[in-house]
Amino acid sequence: VLRGAEARKIRRAAAGADVVGVPVGQNLQRAPTPAPRHEEYRQTLSVTSQSAAAAHPRCIFTSSLSVYGDGGAGTADIDETTPLTNSADPSPSHYRQAEANILASGQGTVLRLPDVYGSAKDLSYIERVKLGHTLMGGKVPFAAEALLYRLHYLDAARAIVHVLDHGLRGVYNVVNDDIVPPTNQTLFDQLAAQAGVGRLQFLGFLKLPTRPISGQKLRQTGFAFEHTDYDFR
């Protein structure tokens, strides 16, 4: 088990490997206020990806749809050519930097993931609403109008294997775009009513796309979603 800043140890661990996977994520419990949040994202994303890219030219990085922000102006579906947000928020800014680190060699792959769910350890969406009240006082950083795309963790794993099996390089949205999901506001208002708690207040610091996202680039390589659905029960 290594920390992202341990570049020499990562280089030694990667010696002789065919590929280095970089499926890192943040521990938001260590980042309750803005300053530690920036440092948590910097260490986890920017520093780790830099160490991995320096250790091996062939890296696969699981990124986030937050790099698009709210999607910017326009009405077309968001795809891999859509300009990225220039937001200084730690999520998109450090995901952008991490992507750049991974792609610099020309051999890297970036998978932009939505909300990952399905693990036995995951909180249900109703439990997330309750947690928003108990830990955050009913105020959450997300944008009310953002579409809540999600990805089953088994499909996330399958997407990584698909990249390996097909030698894919570049950027791919891992999004089941069969339907357009509900917005945060619509879904969490319904869940709050079911849970018998007050509605959450969306502060809008962390923006995600507000218009449909295309997953066609990945689908055209032969990938198909087997587990992902939009039944938020």
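Listed for the His166 side chain is a donor-acceptor partner under 3.5 Å among the backbone atoms of His162. Looking at Asp155, its side chain does come within 3.5 Å of a backbone N or O of Thr228 through a donor-acceptor pair. Using modelled atom types, one side-chain atom of His56 and one backbone atom of Ala17 make a donor-acceptor pair closer than 3.5 Å.
Ionic pairing of Arg211 and Asp70 is not present here: no N-O contact between side-chain nitrogen and carboxylate oxygen is shorter than 4.0 angstrom. Note on Glu99 versus Arg112: salt bridge recorded, some NZ/NE/NH1/NH2 to OD/OE distance being below 4.0 Å. A salt bridge links Arg42 with Glu39: the distance from a Lys NZ or Arg NE/NH1/NH2 to an Asp or Glu carboxylate oxygen falls below 4.0 Å.
Tyr149 and Leu113 fall into different hydrophobic clusters, where Ile, Leu, Val, Met, Phe, Trp and Tyr side chains are chained together by heavy-atom contacts under 4.5 Å. Linking ILVMFWY residues whenever their side-chain heavy atoms come closer than 4.5 Å, directly or via other members, places Phe188 and Phe232 in the same cluster. Leu147 and Ile213 end up in the same hydrophobic cluster when Ile, Leu, Val, Met, Phe, Trp and Tyr side chains are linked at under 4.5 Å. There is a path of hydrophobic side-chain contacts, each under 4.5 Å, that joins Leu154 to Tyr172. Under the 4.5 Å side-chain heavy-atom criterion for Ile, Leu, Val, Met, Phe, Trp and Tyr, Val163 and Phe225 are members of the same hydrophobic cluster.
Pairing each heavy atom of Ala98 with each of Ser49, the nearest pair is CA-OG, 3.2 Å. Asn101 and Ala53 get closest at one heavy-atom pair: O-CB, 3.4 Å. Nearest heavy atoms, Asn184 versus Ala143: ND2-O, 2.9 Å.
Few gaps surround CZ on Arg11; more than 12 heavy atoms of other groups in view lie less than 6.0 Å from it. The environment of CG in Asp18 is sparse: at most 12 heavy-atom neighbours from other residues, nucleotides or ligands sit within 6.0 Å. Heavy atoms from other residues, nucleotides or ligands lying under 6.0 Å from CZ of Phe205 number 12 at most. Heavy-atom contacts from other residues, nucleotides or ligands closer than 6.0 Å to CZ of Arg199 number 12 or fewer.
Both tests do not hold together for Arg128 against Tyr117: distance to the six-membered ring centre under 6.0 Å, angle to the ring axis within 45°.
Contact of the Val140 side chain with the Phe202 side chain is registered, since non-hydrogen atoms from C-beta on lie closer than 4.5 Å. Contact check for Leu103 versus Phe61: no side-chain heavy atoms found under the 4.5 Å cut-off. Residues Asp79 and Lys217 have side chains not in contact (no heavy-atom distance under 4.5 Å, counting atoms from C-beta outward).
Distance check, rounded to the nearest 0.5 Å: CD1 of Ile10 to OG1 of Thr48 gives 6.0 Å. Distance check, rounded to the nearest 0.5 Å: CG of Leu218 to CG of Leu111 gives 7.5 Å. Atoms OG and NZ, on Ser51 and Lys9 in that order, are 12.0 Å from each other to the nearest 0.5 Å. The line from CZ of Arg96 to OG of Ser87 is 7.0 Å long, rounded to the nearest 0.5 Å. In this structure, Asp231 CG and Arg150 CZ are separated by 7.0 Å, a value rounded to the nearest 0.5 Å. The line from NE2 of His227 to CG of Asn176 is 12.0 Å long, rounded to the nearest 0.5 Å.
Side-chain contact annotation: Arg58 with Thr109, donor-acceptor N/O pair under 3.5 Å present. Side-chain contact annotation: Asn173 with Arg219, donor-acceptor N/O pair under 3.5 Å absent. Side chain to side chain, Ser66 and Ser64 meet the donor-acceptor criterion of an N or O pair below 3.5 Å.
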Side chain to side chain contact (heavy atoms under 4.5 Å, CB included) evaluation trace for Asp89 with Arg37: CA-CA 10 Å; Asp89 182 88; Arg37 184 166 174 255; 3.1 Å; yes
Evaluation steps, side chain to side chain contact (heavy atoms under 4.5 Å, CB included), between Leu131 and Glu127: CA-CA 6 Å; Leu131 199 64; Glu127 289 172 326; over 6 Å; no
Verdict with reasoning, Glu145 to Gln185, per side chain to side chain contact (heavy atoms under 4.5 Å, CB included): CA-CA 6 Å; Glu145 64 276 13; Gln185 182 87 65; over 6 Å; no
For the pair Ile78 and Val175, evaluate side chain to side chain contact (heavy atoms under 4.5 Å, CB included) and give the outcome as yes or no after the intermediate values. CA-CA 11 Å; Ile78 293 171; Val175 173; over 6 Å; no
